[in-house]
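The block underneath contains the structure these notes are about, expressed in structure tokens.
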Amino acid sequence: MQFIRPITVRVIRVLADWHTYHGWVWIDAYELNAAGEAVRRRTLFLMPAGARRLAQPDRPAGASLQQGGRGRRLRPVGAR
């Protein structure tokens, strides 16, 4: 069992050239902590239909976005 609890990630890119089953994708992402800071880089195999986009969190004054803010934050469906 890979995930006992849901994780929040910032997607870096979808690895479209990695062939997989229909409806599934490989992604490169940063795992985020509760403060929204990247704590680990991960390559994940997921079903996009089972993930959801989160609203952008408020950032402290002076905080900069890594990767130009182009990432998407996803969490598995059913996550709290």
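Bear in mind the structure is a predicted one, so any value in this text is a computation, not a measurement.
- Atom CG in N33 sits 11.0 Å away from atom CZ in R40 (nearest 0.5 Å).
- Across T8, L54, I7, a single residue satisfies side chain to side chain contact (heavy atoms under 4.5 Å, CB included) together with L32, and that is T8.
- The side chain to side chain contact (heavy atoms under 4.5 Å, CB included) with L15 is formed by just one residue from the set T43, L44, V25, I27; it is T43.
- In this pair, F45 and W26 present their aromatic rings tilted. The plane angle is within the 30 to 60° band.
- Heavy atoms only, all atoms of each residue included: W24 and P48 are closest at CA-CD, 4.4 Å.
- Distance check, rounded to the nearest 0.5 Å: CZ of R10 to CZ of R41 gives 12.5 Å.
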